[in-house]
Asks: 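Below you'll find the structure I mean.
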Number of protein chains: 2
Amino acid sequence: MTDIALIESAREFNRFYTNFLGLLNKAYLDTPFTLTDARVLFEIGVQNGVNAGALARDLQLDPAYLSRILKRFREEELIEAMPDPADQRSQILTITAKGRTQFEELGSRSNAQIAARFDTLADGEPQAAVAAMHTIRAILDPQAKPAAATIRPHRAGDIGWIVQSQGRFYAEEYGWDLRFEGLVAEVAGKFLANFDPEREYCWIAERGGINLGSVLITNGGDGIAKLRLLYVDKAARGLGIGKQLVDECIAFSRRKGYRQISLWTNDFLHAARAIYQKAGFRLVSEERHRMFGPEANGQTWVLDL
Amino acid sequence: MTDIALIESAREFNRFYTNFLGLLNKAYLDTPFTLTDARVLFEIGVQNGVNAGALARDLQLDPAYLSRILKRFREEELIEAMPDPADQRSQILTITAKGRTQFEELGSRSNAQIAARFDTLADGEPQAAVAAMHTIRAILDPQAKPAAATIRPHRAGDIGWIVQSQGRFYAEEYGWDLRFEGLVAEVAGKFLANFDPEREYCWIAERGGINLGSVLITNGGDGIAKLRLLYVDKAARGLGIGKQLVDECIAFSRRKGYRQISLWTNDFLHAARAIYQKAGFRLVSEERHRMFGPEANGQTWVLDL
DNA sequence: TCAATTTAGTTGACTCAGTCAAATAAAGGC
DNA sequence: GCCTTTATTTGACTGAGTCAACTAAATTGA
């Protein structure tokens, strides 16, 4: 039986968000569409080829009411409907070019609306809000498949993100002191200050605007690529992101003609070591250290290319 | 300018939550009240003695429509309305005993509804969902924000935050390239790596768990304190945070026996320069540079202590 | 001090979003 | 082959919510 305080907190949020959405949704008055119209067109745009009955269920609309909306959309040539070959009773809905234009117009207006709201926020607040939205969605709608993480090159702010998230992680999980964060900052700072795009790279894993992971390749000289600062956020572990990042490093290093990749890790990072081992890295040395407070076991691994 | 991926994530969540609330709100069909009725009674129950005009604004309801609902509630003896002594046009609304009973009945039904949903979740998930709701509320609801920022010493992750937010800010506002972010990372990294708590400090301005500003004092040798990386987030400007941070620096530097504070800034940072001038700093040198791409005018200021 | 304007709330008239029921056509089950 | 169920459509309707005009009270400016 869930704690009453949690329930009341959820209800209070729901009252707040009902108002918040009410404010956002008033904007549809600037278009000829009602909110429900927009929801319908949008859903057809997103899952092109949807079944009308499924649409009514997804959006919790009265089928009779939806039918009228769809009829009007057909008349306005925003969508096309055709009988499902598998079941002549059912209708398959697809968006037309004209409908796609309208869909994009609605999308732009909606984007502008959220942007206007998010632009008033402090740096980090939109990310924190969206990360929280991802959390709620994942809990309340487990069937919704989270979008796959994409991997992209670094851009402004990412190096700072690397420093912040890894600094915080190692402090909280392993009790490492701030010298570690300082080292990460210096390493990452040098990477940017002396960046050689021909032989060095930084990959960022991201989903829905939220950074989830990172890794760098730097030029160690003598044909050796250095794999540094591999990290996957706790919330995104087990999804194969770490492996994807390491695979990118290996492919890049081969492409750039390095003869070997070398990396330093600590033995308590089990998931990372497993990735390295499966990728063919071998352990070449090991040393205990207290560089950041608690005693730890540093390891150097290499992969011949 | 907020990242489009964040905006689209927020919109997707809004579509999902519109449906989720739609499902919850259908439950009102089991009572004689509409959703709007319930929102009205609930809000009067929560802020007993509310002004009718304020209620209409808070709930974004047409005053004519609200008037009819309130009339019906008066007839059903759920609420009482009396003219505001301060303004006879205005009505003060209070809930009656009967209304309170109904308010609690609605509350119970709503609690049961959320409980039914939360009880299907795994252990810890309701807590995680509600924590996420608090996060969203705290960010999006200006009224929920504490007005004042607090200033605290740095902790794990803050240096990364400084690198990220300033790196992004200078890139977006002034077109500086990533070498600036690299420099900030190195400076801040050295600060942590060689930190002398007796003579150096980092202050962070924070509100509601979100960082809003920062500044460092480092030991420049020869009795000179260096003021570095002063920054206030766009969303928090004009609140006096910058001045507070600079004041902290001056007080600390005097306490630690420095003879002078020195700092380097760029002339386009007008607000920062105004703070320095008001604090008594004087301009001692100036030089044009292209360290980070576009040409800029660097300035060194000092304050004798 | 007074007239004009604005504000708070109410009532009349109305629109149309959405619901319910009955209809038709197609599919499924026995 | 017949009965039941499902998908969709259309007719009729309700009532949530909007807009305008009204009254009473407060504010503003001359």
Side-chain angles (χ1 to χ4, degrees), chain A residues 18-19 21-23 25-44 49-76 79-94, chain B residues 18-19 21-44 47 49-76 79-94:
Chain A
T18 295
N19 269 18
L21 289 172
L23 272 172
N25 293 336
K26 271 180 166 45
Y28 289 100
L29 295 177
D30 289 341
T31 74
F33 297 102
T34 65
L35 167 64
T36 308
D37 289 349
R39 289 172 68 213
V40 169
L41 185 60
F42 216 88
E43 210 61 35
I44 298 173
V50 70
N51 171 295
L55 191 58
R57 281 188 292 278
D58 283 351
L59 298 177
Q60 290 126 47
L61 295 175
D62 187 275
Y65 180 34
L66 179 61
S67 179
R68 273 187 259 274
I69 292 177
L70 295 177
K71 183 179 184 183
R72 190 160 34 85
F73 281 0
R74 288 204 307 276
E75 284 165 355
E76 291 165 14
I79 64 167
E80 275 168 4
M82 60 195 64
D84 184 348
D87 185 339
Q88 304 280 318
R89 295 173 296 182
S90 283
Q91 298 237 329
I92 298 300
L93 308 168
T94 53
Chain B
T18 295
N19 268 17
L21 288 172
L23 271 173
L24 286 190
N25 294 336
K26 270 181 166 47
Y28 288 101
L29 295 177
D30 289 344
T31 73
F33 297 101
T34 67
L35 166 64
T36 309
D37 288 351
R39 288 173 71 213
V40 170
L41 185 61
F42 217 89
E43 209 62 34
I44 297 173
Q47 29 169 349
V50 69
N51 171 296
L55 192 57
R57 282 187 293 278
D58 284 351
L59 298 178
Q60 291 126 45
L61 294 175
D62 188 276
Y65 181 35
L66 179 62
S67 180
R68 274 186 257 273
I69 293 177
L70 295 177
K71 183 180 184 183
R72 190 159 34 85
F73 282 359
R74 289 206 305 277
E75 285 163 354
E76 292 164 13
I79 63 166
E80 276 168 5
M82 63 195 60
D84 185 346
D87 185 341
Q88 304 280 319
R89 294 172 296 181
S90 284
Q91 301 234 330
I92 299 300
L93 308 169
T94 54

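This is a predicted model, so every value here is computed, not measured. By convention in this document, chain letters (A, B, ...) are assigned in the order of the sequence lines, proteins followed by strands, and residues within each chain are numbered from 1.
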Asks: Within this structure, what is the CD1-to-C1' distance between B/I92 and C/dA8, rounded to whole angstrom?
Replies: 12 Å

Asks: In whole Å, what is the span from the CZ atom of B/R72 to the P atom of C/dT10?
Replies: 14 Å

Asks: Kindly give the heavy-atom pair with the smallest separation between B/A81 and B/L93, and that separation in Å.
Replies: CB-CD2, 3.7 Å

Asks: Can you confirm whether A/N19 sits close enough to B/R39 that some side-chain heavy atom of one is under 4.5 Å from a side-chain heavy atom of the other?
Replies: yes

Asks: Rounded to the nearest 0.5 Å, what separation is found between the CG atom of A/D37 and the CZ atom of A/F73?
Replies: 4.5 Å

Asks: Just compare C/dG9, D/dA25, C/dA17 and give me whichever is closest to any side-chain atom of B/N51.
Replies: C/dG9

Asks: Measure the OG1-CE distance between A/T94 and A/M82 for me, rounded to the nearest 0.5 Å.
Replies: 4.5 Å

Asks: Apply the side chain to side chain contact (heavy atoms under 4.5 Å, CB included) test between A/V40 and each candidate in A/I69, A/L35, A/T34, A/I79; give the one that qualifies.
Replies: A/I69

Asks: Kindly point out which of D/dT9, C/dT19, C/dA26 is positioned nearest to the side chain of A/D62?
Replies: C/dT19

Asks: Given D/dA16, D/dT9, D/dA20, which nucleotide is nearest the side-chain atoms of B/T34?
Replies: D/dA16

Asks: How many Å lie between CD1 on A/I69 and P on D/dT8, as a whole number?
Replies: 14 Å

Asks: Which heavy atom of B/L66 sits nearest to which heavy atom of B/A52, and what is that distance?
Replies: CD2-O, 3.5 Å

Asks: OP1 or OP2 of C/dT11 sitting under 4.0 Å from any side-chain N/O of B/K71?
Replies: yes

Asks: Counting side-chain heavy atoms from CB outward, which of C/dT10, C/dA27, D/dT9 is closest to A/Q88?
Replies: C/dA27

Asks: Tell me the interatomic distance from A/Q91, atom CD, to C/dA26, atom C1', rounded to whole angstroms.
Replies: 13 Å

Asks: Name the pairs: protein N/O against N/O of nucleotides 1-5 of chain D, kept only if under 3.5 Å.
Replies:
none

Asks: Rounding to a whole Å, what distance do you find between B/L93:CG and C/dG9:P?
Replies: 8 Å

Asks: Find which nucleotide of DNA chain C each of B/G53 and A/L61 is nearest to by heavy atoms, and output the residue with the more 5' nucleotide.
Replies: B/G53

Asks: Could you give the distance from CZ (A/F33) to CZ (A/R72), rounded to the nearest 0.5 Å?
Replies: 8.0 Å

Asks: How long is the span from the CD atom in A/Q91 to the CZ atom in A/R74, to the nearest 0.5 Å?
Replies: 5.5 Å

Asks: Pick base, sugar-phosphate or nothing for A/A56, based on heavy-atom distances below 4.0 Å to the nucleic acid.
Replies: nothing

Asks: So, taking the atom named CD in B/E75 and the one named CG in B/L70, what distance separates them when rounded to the nearest 0.5 Å?
Replies: 11.0 Å

Asks: Counting distance alone, no hydrogens or angles: does the base of C/dG12 have a donor or acceptor under 3.5 Å from a partner atom on the side chain of B/R68?
Replies: yes

Asks: Tell me, what's DNA chain C's dot-bracket, Watson-Crick or G-U with both distances under 3.5 Å, | for other-strand, [ ] crossing?
Replies: ||||||||||||||||||||||||||||||

Asks: Rounding to a whole Å, what distance do you find between B/L66:CG and C/dG9:C1'?
Replies: 10 Å

Asks: D/dA16 P sits how many Å from B/R39 CZ, rounded?
Replies: 14 Å

Asks: Whole-Å distance between D/dA16 P and B/F73 CZ?
Replies: 11 Å

Asks: Between OG1 of B/T36 and CG of B/D62, what distance do you get to the nearest 0.5 Å?
Replies: 11.5 Å

